[in-house]
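This report concerns only the one structure given below.
For reference, positions follow the sequence shown, starting with 1. Everything numeric here is computed off the predicted structure, so don't read it as measured data.
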Amino acid sequence: MKAGVFQYLPLCVFLLAACEPTESRSPADAITFETLKGLDDFEFATAGDGKPGEWSIIENDAGRVLAQIDTDPADNRFPFAIYRPFSGRDVYVSIRFMTISGETDQAAGVFVRFASVDDYYVARASALENNVGLYRVVAGKREMIGCMEVNVSGQARHTLGIAARDERLTIFFDGRELFVAIDRRFPGPPGKVGLWTKADSMTWFESLKFGSLD
């Protein structure tokens, strides 16, 4: 695929069949990256080891996407793109993405209830591991609270979503509900949402979609 940098830049639970949640009481908003202005509302951060993340707009045959382009392979390295204007506790958030490359991992993630780089929930899809996992991160400690094996094809478009309501966290992949996890240890206050990657993952994010479940 042709691409260039555009300047400015285990615990498995229930399998269910469903589409995106219909319980959202507010219209969903969608963020794309067709213009540089798409970056204005994002703040970028990195947790763990290795170099800071480097986020850029990538232009490809299908349009423009947001990608973290630094390929530091540190396994405990987590770059974030935090969407500043929106905050909520009971929310639905999804991303449309394509994993391109990575030796340590080829991952795409979406996070909710983000209080800091050390406190949040994240749903991660890995093309190397062919699974989708849900993690709780508290005081910098990451713990898997749900996982399911699923075909996450590299260099193919997928969607990944998470619906968080009270202690119930529902994970969606490619238009179906994968599993539900109940987590009473860290229900969390309202927080930010956004995009997440791991280690040397080169992942193209086409869009970020979110809405309130309040």
Side-chain angles (χ1 to χ4, degrees), residues 1-6 9-10 12-13 15-21 28-35 38-39 42 53-73 75 77-81 83 92-112 121-135 144 146-163 169-179 193-210:
M1 296 184 181
K2 296 181 180 178
V5 177
F6 190 80
L9 314 196
C12 293
V13 288
L15 172 63
L16 302 168
C19 297
E20 293 185 357
D29 291 315
I31 306 300
T32 61
F33 305 101
E34 286 300 315
T35 67
L39 293 184
F42 284 85
E54 182 180 352
W55 294 81
S56 293
I57 296 290
I58 301 293
E59 187 169 9
N60 60 43
D61 294 339
R64 292 174 181 154
V65 297
L66 180 62
Q68 195 288 127
I69 62 174
D70 188 278
T71 56
D72 189 315
D75 186 60
R77 175 178 182 261
F78 309 108
F80 301 83
Y83 187 67
Y92 173 73
V93 189
S94 69
I95 54 174
R96 184 171 173 85
F97 71 92
M98 180 186 297
T99 59
I100 302 300
S101 63
E103 295 186 4
T104 302
D105 205 345
Q106 295 180 23
V110 57
F111 59 81
V112 297
Y121 286 110
V122 62
R124 181 197 75 158
S126 173
L128 289 187
E129 298 177 9
N130 271 319
N131 64 24
V132 171
L134 172 64
Y135 297 85
M144 178 183 286
C147 178
M148 180 163 287
E149 293 185 0
V150 63
N151 183 25
V152 185
S153 302
Q155 300 196 9
R157 288 177 175 84
H158 298 285
T159 58
L160 174 66
I162 178 171
L169 300 143
T170 307
I171 304 303
F172 300 83
F173 185 75
D174 283 351
R176 68 186 180 111
E177 186 178 304
L178 286 188
F179 62 84
V193 303
L195 314 171
W196 177 101
T197 66
K198 181 175 180 285
D200 59 349
S201 301
M202 169 67 81
T203 303
W204 293 354
F205 294 96
E206 295 185 1
S207 64
L208 170 68
K209 183 179 179 181
F210 54 89

When you measure from the side chain of [X] to the backbone N and O of [Y], does any donor-acceptor pair fall under 3.5 Å?
{"X": "T104", "Y": "P73", "value": "yes"}
{"X": "E34", "Y": "R64", "value": "yes"}
{"X": "N130", "Y": "V152", "value": "yes"}

Inset, instruction - Please work out whether the ring planes of Y83 and F210 are parallel, tilted or perpendicular, with thresholds of 30° and 60°. - result: tilted

Inset, instruction - Return the orientation label for the F97 and H158 ring planes: parallel under 30°, perpendicular over 60°, tilted otherwise. - result: tilted

Inset, instruction - State which residues pass ring-ring contact (aromatic ring centres under 6.0 Å, His included) with Y135; sequence neighbours excluded, sorted by chain then number. - result: none

Legend entry - Qualifying residues under ring-ring contact (aromatic ring centres under 6.0 Å, His included), relative to F205, sequence neighbours excluded: none

Inset, instruction - Compare every heavy atom of I95 with every heavy atom of A108, then report the nearest pair and how far apart it is. - result: CB-CD1, 4.3 Å

Test side chain to side chain donor-acceptor pair (under 3.5 Å) applied to [X] - qualifying residues, sequence neighbours left out:
{"X": "D200", "answer": "none"}
{"X": "S153", "answer": "N151"}
{"X": "Q68", "answer": "R77"}
{"X": "D105", "answer": "R124, S126"}

Legend entry - Heavy-atom side-chain contact between E59 and I57 under 4.5 Å: no

